[in-house]
Amino acid sequence: MRKVIVQKFGGTSVSDTDKIKNVAKIVIKEKENGNDVVVVVSAMGHTTDYLVKMAKELSPMPSGREMDMLLSTGEGVSIALLAMAIQAQGYEAVSFNAMQVGIITENVHSKARIINIKTDKLRQNLKEGKIIVVAGFQGVTEDGEITTLGRGGSDTSAVALAAALNAERCDIYTDVEGVYTTDPRVVPNASRLESISYEEMLELAHAGANVLHPRSVETAKQFHVPLRVRSSFKLDNLGTLILGVDKMEIYRPVAGVAADLSQTRIVVCDVPDKPGVAAKIFSKLAKEHISVDMIIQSYARKISNTNDIAFTIDTNDLPKTVTALEELKSEIGATGDIQVDENIAKVSIVGAGMIDRPGIASTMFETLADLNINIRMISTSEIKISCLVDKDQAERAVKALHKVFELESDEVADVKGDLPNV
Ligand code: ASP
Ligand code: MG
């Protein structure tokens with residue numbers, strides 16, 4: 001049976017018609033290798049940002065439905081153009097949007113999860129020898145409503161398609177040459193990783209490494225889809241392979257350092273110290289589809305019998321979060337304020353090799369202490385340590401941590417100024 005390869009091209013790879021021609025060549029080459037090819041594309045260049053900007057000019061809080069109607073149009077343009085470019089080079093191609101394929105998602109706007117992908121139409125067209133171009137980032141509910149998967153979601157579309165089609169591999173083509181030990185725009189001599197485990201990549205992606213949409217890595221891990229991140233401009237470089245931790249040799253405690261500047265810290269002050277309070281707060285937020293990251297409950301104050309519950313959220317969810325908490329305040333008997341601090345950044349070190357290796361956390365804290373950077377919150381997992389610091393300290397922290405954990409390469413990474421594949 002012929003192998004299916006899924007390729008995904010980000011916005012910078014299709015930002016003008018010359019680049020689309022270049023993508024068509026890469027796609028055709030894979031087809032010429034004897035594989036069936038399904039291509040997923042993002043919207044051209046900064047189209048999605050531009051659409052968001054227009055929406056915000058018209059309404060401070062546009063409805064989720066209309067926002068998805070709007071944002072899904074970007075990918076509609078790029079799929080048709082790429083299919084034309086492939087046809088112009090003498091190959092059969094067909095473009096499909098999510099509705100035509102049947103990329104079924106839950107009924108949530110702006111960050112829907114894929115539930116199921118129908119493959120009959122795809123298989124039929126592959127059988128007819130066609131190259132298929134599918135719109136990334138978008139989905140459709142059972143009722144035919146258009147949804148989107150969240151910013152950067154085309155990666156997830158590609159991996160989900162690869163899983164559904166039992167693809168040999170999913171290649172994510174972007175404008176960086178792979179996954180680096182940290183953002184090469186911040187640390188020019190960051191090293192490219194030859195390979196990284198799903199687990200580490202997930203932590204890095206959640207910690208703010210912009211290379212891949214976190215859900216794409218989760219999906220790849222769940223369905224064992226080998227994932228390769230590589231440059232669409234430097235084809236001789238094979239990029240970074242992302243695979244199961246069991247398939248890797250771990251040779252260093254820390255694989256990467258990341259900073260997330262898009263988080264906001266919320267503190268619900270003076271909540272009663274009794275069972276059920278945290279449950280009420282976080283189930284309310286969950287119901288609103290607000291994901292919460294670091295959570296800290298302070299030690300209860302004896303005199304008032306209250307404590308503070310602090311956590312971080314994505315800054316985009318801030319208005320929704322404040323509304324939800326204000327509604328909840330009297331129900332949980334909180335007597336203090338709800339404090340909001342947007343001036344924070346989460347700096348994380350990640351590495352599967354830190355398991356059972358003591359001293360990694362203390363090295364991180366000492367490094368920050370030497371720079372006189374105050375740590376405002378700490379959270380850890382088996383393979384990650386994150387510290388919340390003031391936003392303007394994040395860059396210094398990343399640079400120092402990258403150095404102390406010996407992640408530098410001898411070469412300077414070749415990167416453009418744009419955000420990777422958004
Ligand atoms: N076009 C969407 C965005 O800019 C999806 C993507 O690029 O993956 O977020
Ligand atoms: Mg992207």
Side-chain angles (χ1 to χ4, degrees), residues 6-16 19-20 23 38-56 62 64 66-82 95-99 101 103 105 108-114 117 133-140 146-162 170-176 179 201 205-206 208-220 225 227-232 242 260-262 291 314-317 416-422:
V6 175
Q7 301 181 317
K8 181 257 168 179
F9 294 88
T12 39
S13 305
V14 293
S15 59
D16 59 39
K19 293 213 176 111
I20 293 177
V23 167
V38 176
V39 194
V40 175
V41 278
S42 299
M44 292 172 72
H46 295 286
T47 304
T48 314
D49 290 336
Y50 176 62
L51 296 172
V52 171
K53 183 169 166 281
M54 282 199 292
K56 294 256 161 84
E66 298 314 324
M67 210 52 197
D68 281 352
M69 288 296 285
L70 177 70
L71 297 193
S72 63
T73 61
E75 275 69 15
V77 173
S78 47
I79 51 168
L81 290 175
L82 178 58
S95 68
F96 293 128
N97 63 25
M99 194 181 273
V101 173
I103 301 180
T105 70
V108 175
H109 287 296
S110 88
K111 49 177 158 181
R113 283 174 178 269
I114 297 174
I117 296 184
V133 187
V134 179
F137 179 54
Q138 50 179 260
V140 62
I146 302 288
T147 55
T148 61
L149 312 182
R151 293 305 306 271
S154 301
D155 297 336
T156 299
S157 312
V159 175
L161 276 160
C170 181
D171 288 338
I172 308 275
Y173 285 87
T174 175
D175 62 346
V176 291
V179 179
M201 191 62 222
H206 281 296
N210 275 313
V211 186
L212 286 175
H213 192 234
R215 283 219 313 278
S216 68
V217 187
E218 271 162 38
T219 311
V225 179
L227 203 58
R228 193 179 273 290
V229 176
R230 56 185 298 185
S231 161
S232 41
I242 306 167
D260 185 350
L261 303 182
S262 64
S291 11
D314 191 309
T315 301
N316 285 326
D317 288 334
K416 286 158 217 67
D418 280 354
L419 261 185
N421 74 74
V422 169

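Just follow the structure's listing: the first ligand is 1, and inside any ligand the first atom is 1. Quick note: numbers below take in every heavy atom, side chains included, and nothing from hydrogens, waters or symmetry partners. Note that the structure is a prediction, hence the values are computed from the model and not measured.
At under 3.5 Å, a nitrogen or oxygen of S42, whether backbone or side chain, sits near a nitrogen or oxygen of ligand 1.
Looking at D68 and T148, their side chains do bring a donor and an acceptor atom within 3.5 Å of each other.
Applying the side-chain contact (heavy atoms from CB on, under 4.5 Å) test to L81 and every residue at least two apart in sequence or in another chain returns I20, M44, V77, M84. With sequence neighbours excluded, the residues forming a side-chain contact (heavy atoms from CB on, under 4.5 Å) with R113 are E106, R215, E218, listed by chain and number.
Listed by number with element, the atoms of ligand 1 under 4.0 Å from a non-hydrogen atom of T48 are 1 (N), 2 (C), 3 (C), 4 (O). Of all atoms in ligand 1, listed by their number and element, those nearer than 4.0 Å to a heavy atom of E75 are 1 (N), 2 (C), 5 (C). Numbered from 1 in the order shown, with element, the atoms of ligand 1 that lie under 4.0 Å from a heavy atom of R151 read 3 (C), 4 (O), 9 (O).
Taking 4.0 Å as the cut-off, G152 counts as a neighbour of ligand 1 on heavy-atom distance. Using a 4.0 Å heavy-atom cutoff, G136 is absent from the residues neighbouring ligand 1.
Separating the CD1 atom in I242 from the CZ atom in R228 is a distance of 9.5 Å, to the nearest 0.5 Å. Taking OG1 from T48 and CD from E75, the interatomic distance works out to 5.0 Å, rounded to the nearest 0.5 Å.
For atom 5 (C) of ligand 1, the nearest non-hydrogen atom from the set F9, F137, Y50 comes from F137.
By the neighbour-count criterion of 12 heavy atoms within 6.0 Å, atom CE of M69 is sparsely surrounded, having that number or fewer from other residues, nucleotides or ligands.
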